[in-house]
Colleague: 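Can you keep this structure in mind? I'll have questions shortly.
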Amino acid sequence: MNLSVYQAIIAAPFAHIGLCMAGDAVSALDYLPADTPEQPPADVATARVVEQLQAYFRDPHAPFTVPLAVTGTAFQQQVWTALQAIPPGTVLTYGELAQQLGSAARAIGGACRANHVPILIPCHRIVAQHGLGGYAGAVTGDPLAIKRWLLQHERISLLSPV
């Protein structure tokens with residue numbers, strides 16, 4: 001793992017997070033193993049992202065106002081914009097968002113999987129009709145534990161066992 005690609009590595013309640021920047025904008029947020037060494041922000045823009053993430057970990061209603069440098073298809077961009085409109089404490093199913101966008105649930109899942117800035121673009125707020133669904137391209141393991149933590153942090157409890 002090449003840690004020099006990150007402008008900061010911070011501790012989160014569930015893992016460490018590596019931040020990649022493109023100028024003043026966030027281009028990627030990677031989940032790293034908990035034993036990854038922390039790295040202070042390389043510049044003021046990165047420090048602002050770190051401050052906003054730490055504020056979110058204290059209060060899930062803390063807003064994100066940092067600029068994002070994400071690239072994707074027009075459809076992915078449309079999904080990511082829709083995800084950012086889902087308030088903390090709220091979830092939609094893949095199917096519900098697909099219906100809103102005139103698409104298919106699998107296409108929504110693909111756009112979520114292509115999201116390089118989770119938390120900032122809250123794909124964790126999209127769940128399956130009967131449970132948690134996937135997260136970060138996984139349907140088991142650590143990514144689902146992160147999704148579960150984020151949802152519980154936002155005071156969302158799913159009735160189905162997940």
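Reckoned from all heavy atoms, side chains included, excluding hydrogens, waters and symmetry mates.
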Colleague: Between Ile86 and Ile126, does a side chain to side chain contact (heavy atoms under 4.5 Å, CB included) hold up when you go through it step by step?
Modeller: CA-CA 9 Å; Ile86 302 171; Ile126 299 295; 3.8 Å; yes
Colleague: Kindly compute the distance separating OG1 (Thr71) from CD (Gln76), expressed to the nearest 0.5 Å.
Modeller: 8.5 Å
Colleague: Can you name the residues that form a side chain to side chain contact (heavy atoms under 4.5 Å, CB included) with Gln7, not counting sequence neighbours?
Modeller: Cys20, Met21, Ala42, Thr46
Colleague: Leu150 versus Tyr135: any side-chain heavy-atom pair under 4.5 Å?
Modeller: yes
Colleague: Would you please test Leu151 and Leu132 for side chain to side chain contact (heavy atoms under 4.5 Å, CB included) and show each step?
Modeller: CA-CA 10 Å; Leu151 292 173; Leu132 199 57; 3.6 Å; yes
Colleague: Where is the tightest heavy-atom contact between Ala105 and Gly95, given as atom of each residue plus distance?
Modeller: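 The answer is CB-N, 4.0 Å.
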Colleague: For a 4.5 angstrom cut-off between non-hydrogen side-chain atoms, does Phe64 reach Gln84?
Modeller: no
Colleague: Classify the ring geometry between Tyr31 and Phe14 as parallel (under 30°), tilted (30 to 60°) or perpendicular (over 60°).
Modeller: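 Rings of Tyr31 and Phe14: perpendicular, over 60°.
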Colleague: Can you tell if the side chain of Leu83 reaches within under 4.5 Å of the side chain of Cys112, non-hydrogen atoms only?
Modeller: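 Yes; the side chains approach each other to less than 4.5 Å.
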Colleague: Please determine which of His61, His153, Glu154, Glu51 meets the side chain to side chain donor-acceptor pair (under 3.5 Å) test together with Tyr56.
Modeller: Glu154
Colleague: Does the Gln39 side chain pair with the main chain of Tyr6, one donor and one acceptor, at a distance under 3.5 Å?
Modeller: yes
Colleague: Can you tell me how far CG of Leu120 sits from CG of Leu19, rounded to the nearest 0.5 angstrom?
Modeller: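 Answer rounded to 0.5 Å: 8.0 Å.
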Colleague: Tell me whether the count of non-hydrogen atoms from other residues, nucleotides or ligands lying under 6.0 Å of CG in Asp43 goes above 12.
Modeller: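 Buried by this count: over 12 neighbours within 6.0 Å.
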Colleague: For a quick test of reading the model, state the closest non-hydrogen atom pair linking Asn115 to Cys123 and the distance between them.
Modeller: ND2-SG, 3.3 Å
Colleague: How far apart are the closest heavy atoms of Ile9 and Pro37, and which atoms are they?
Modeller: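 So the minimum-distance heavy-atom pair works out to CG2-O, 3.5 Å.
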Colleague: How close do Ala136 and Pro143 get, counting heavy atoms only, and between which atoms?
Modeller: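 Nearest heavy atoms, Ala136 then Pro143: CB-CB, 4.3 Å.
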Colleague: Please walk me through it: do Val127 and Lys147 pass side chain to side chain contact (heavy atoms under 4.5 Å, CB included)?
Modeller: CA-CA 10 Å; Val127 298; Lys147 182 175 185 173; 4.2 Å; yes
Colleague: Looking at every heavy atom in both Glu38 and Ile10, which two are closest together, and how far apart are they?
Modeller: OE1-CA, 4.3 Å
Colleague: Can any side-chain N or O of His16 pair as donor or acceptor with the backbone N or O of Thr36 at less than 3.5 Å?
Modeller: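 Yes, His16 side chain to Thr36 backbone: donor-acceptor pair under 3.5 Å.
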Colleague: Could you walk me through whether Asp24 and Val44 pass side chain to side chain contact (heavy atoms under 4.5 Å, CB included), step by step?
Modeller: CA-CA 8 Å; Asp24 289 345; Val44 173; over 6 Å; no
Colleague: Let me confirm one number: the CZ-CD distance from Phe75 to Gln78, rounded to the nearest 0.5 Å.
Modeller: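 Going from the CZ atom of Phe75 to the CD atom of Gln78 covers 6.5 Å.
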Colleague: Does Val70 offer a backbone N or O that forms a donor-acceptor pair with the side chain of Gln77 under 3.5 Å?
Modeller: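 Side chain of Gln77 to backbone of Val70: a pair is present.
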Colleague: Using side-chain heavy atoms (C-beta onward) and a distance below 4.5 Å, is Asp30 in contact with Ile17?
Modeller: no
Colleague: Where is the tightest heavy-atom contact between Ala22 and Ala69, given as atom of each residue plus distance?
Modeller: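 Here Ala22 and Ala69 meet closest at CB-CB, 4.0 Å.
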Colleague: Any chance you could measure Ile119, atom CD1, to Arg125, atom CZ, to the nearest 0.5 Å?
Modeller: 10.0 Å
Colleague: Does Gln52 reach the side chain of Pro63, with side-chain heavy atoms less than 4.5 Å apart?
Modeller: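 Not in contact.
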